[in-house]
Amino acid sequence: MKSEKEKMLAGELYNALDPQLSEERLQARLLLKALNDAREDQTEERTRILRELIPNTKAGLWLQPPFYCDYGYNIVTGENVFFNFNCVVLDVAQVTIGSRTLFGPNVQAYTATHPMNYKERATGLEFAKPIVIGEDVWIGGSVVICPGVTIGDRTVIGAGSVVTKDIPADVFAAGNPCRVIRPLEQ
Ligand SMILES: CC(=O)SCCNC(=O)CCNC(=O)[C@H](O)C(C)(C)COP(=O)(O)OP(=O)(O)OC[C@H]1O[C@@H](n2cnc3c(N)ncnc32)[C@H](O)[C@@H]1OP(=O)(O)O
C-alpha cells in the first residue's frame, strides 16, 4: 500500500495530516524560522540553513528572507536562482526552476490544490500538481503561479499576474489571467 507521501508525490489525493508529512513540515518550518530570523550579516549561517532546507539545488541559490515553503526538498533549482523578499513556494509537488531565474518580491507558487466538489473537499484529502519554470525567466513582483503551470525559458511575467495556464518560452506575458502580450527578441 502506498504511503501518504508517495500518494502526495504521485499527484494523487492524500492526507496532509499524516504523521510523517506533519513531521516533515514541522522540520521545514523550524528551518524557515531560523533562516528568516538570521541577521543580514550572518551569510554563512543563512547558506547552511538554505542547503539543509532546499538540498536539491545547484550553486548560487539566494533569497531575501522572509521565505516560506512546505517541505523544501520538492524545490529543485539550477544555478544562481534568486528570490526577492517574502516569496511563498507551496512545494507539495515538485517545483522545478531553471538556472538564473529571478523572482520579484511576494511571488507565490502553489502546487497545492483541493477538490472543487465540496463533499470531496470535506474529506480533508487534497492533491498537488508540479510547477516547472524554465531558465533565465524573470517573474515580476506579486505574481501567483497556479498548480500545474509550466513557464518557458527566457520568458518575463509582468508584476501582479496570475498564471493559470502554461506560458511559452521567449514571451512577455502579464495580467489576470496571465496572457502572452508580445514575443521577446533574444
Ligand atoms: C527579481 C526582482 O526582484 S524584480 C523587482 C520587482 N520588479 C518588478 O516586479 C517589475 C516588473 N515589471 C513589469 O511588470 C513591467 O511591466 C515589465 C518590465 C515586465 C514590462 O514593461 P514594458 O516593457 O514597459 O511593458 P510594455 O510597455 O511592453 O507593455 C505592453 C503592454 O503590457 C501591459 N503590461 C505591462 N506590464 C503589465 C503587468 N504587470 N500587468 C498587466 N499588464 C501589463 C502594458 O500596460 C501594455 O499594455 P497596452 O499595450 O495595452 O498599453
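Note that ligands are numbered from 1 as they come in the structure, with each ligand's atoms numbered from 1 the same way. The structure presented is a predicted model; accordingly, all values stated were derived computationally and were not measured.
Not one N or O on the side chain of Thr101 forms a donor-acceptor pair closer than 3.5 Å with the backbone of Phe82. In this structure, Thr155 contributes its side chain and Ile151 its backbone to no donor-acceptor pair below 3.5 Å. A donor-acceptor pair is defined here as one N or O able to donate and one able to accept, closer than 3.5 Å; no such pair exists between the side chain of Arg154 and the backbone of Ala169. Looking only at distances, a side-chain donor or acceptor of Thr47 sits under 3.5 Å from a matching main-chain atom of Thr43. Glu120 places no side-chain N or O within donor-acceptor distance of the main-chain N or O of Asn117, the cut-off being under 3.5 Å. Checking side-chain atoms of Arg179 against main-chain N and O of Ala174 turns up no donor-acceptor pair under 3.5 Å. Checking side-chain atoms of Thr77 against main-chain N and O of Ile97 turns up no donor-acceptor pair under 3.5 Å. Distance alone, capped at 3.5 Å, is enough to place a donor-acceptor pair between the Asp153 side chain and the Glu135 backbone.
Of the protein's heavy atoms, none falls inside 4.0 Å of atom 46 (C) of ligand 1. Of the protein's heavy atoms, none falls inside 4.0 Å of atom 24 (O) of ligand 1. There is no protein heavy atom closer than 4.0 angstrom to atom 15 (C) of ligand 1. For atom 27 (O) of ligand 1, no protein non-hydrogen atom is found at a distance below 4.0 Å. Distance screen at 4.0 Å: atom 51 (O) of ligand 1 has no protein heavy-atom neighbour inside the cut-off. Taking a distance limit of 4.0 Å, we find that atom 38 (C) of ligand 1 is approached by some protein heavy atom. For atom 21 (O) of ligand 1, no protein heavy-atom neighbour is present inside the 4.0 Å cut-off. Distance remark: protein heavy atom present below 4.0 angstrom from atom 4 (S) of ligand 1.
Listed by number with element, the atoms of ligand 1 under 4.0 Å from a non-hydrogen atom of Leu102 are 1 (C). Set against the non-hydrogen atoms of Gly158, the atoms of ligand 1 under 4.0 Å away are 14 (O), 39 (N). If you number the atoms of ligand 1 from 1 as listed, the ones under 4.0 Å from a heavy atom of Val156 come out as 19 (C). Shown in contact with Ala159 at under 4.0 Å from a heavy atom are these atoms of ligand 1, numbered in order with element: 9 (O), 11 (C), 13 (C), 14 (O), 38 (C), 39 (N), 40 (N). For ligand 1, the atoms closer than 4.0 angstrom to any heavy atom of Arg182 are 23 (O), 28 (O). When each atom of ligand 1 is checked for a heavy atom of Asn84 under 4.0 Å away, the hits are 2 (C), 3 (O). Close approach to Ala174 involves these atoms of ligand 1, each under 4.0 Å from a residue heavy atom: 37 (C), 38 (C), 40 (N), 41 (C), 42 (N), 43 (C). The ligand atoms of ligand 1 that sit less than 4.0 angstrom from a heavy atom of Gly104 are 1 (C), 2 (C), 3 (O), 4 (S).
Contact annotation: for Phe103 versus ligand 1, heavy atoms closer than 4.0 Å belong to the backbone alone.
From the protein, the heavy atom lying nearest to atom 6 (C) of ligand 1 is Pro105 CD, 3.8 Å. The protein heavy-atom contact nearest to atom 31 (C) of ligand 1 is Ile181 CG2, 3.8 Å. Scanning the protein heavy atoms around atom 9 (O) of ligand 1, the nearest turns out to be Gly141 N, 2.7 Å.
Considering each of Phe85, Phe83, Phe172, Trp138, the one bringing a non-hydrogen atom nearest atom 36 (N) of ligand 1 is Phe172.
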Decide yes or no on side chain to side chain contact (heavy atoms under 4.5 Å, CB included) for Lys129 and Val149, but give the supporting numbers first.
-> CA-CA 8 Å; Lys129 297 182 194 173; Val149 158; over 6 Å; no
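At a threshold of 4.0 Å, the pair Glu52-Arg48 counts as salt-bridged, since one of the basic side-chain nitrogens sits closer than that to a carboxylate oxygen. The pair Asp136-Arg100 counts as a salt bridge, with a side-chain nitrogen and a carboxylate oxygen less than 4.0 angstrom apart. The residues Arg39 and Glu45 are annotated as not salt-bridged, no charged nitrogen and carboxylate oxygen being separated by less than 4.0 angstrom. Glu12 and Lys2 are joined by a salt bridge, as a carboxylate oxygen and a charged side-chain nitrogen come within less than 4.0 angstrom of each other.
The closest approach between a heavy atom of Ser142 and any atom of ligand 1 is not below 4.0 Å.
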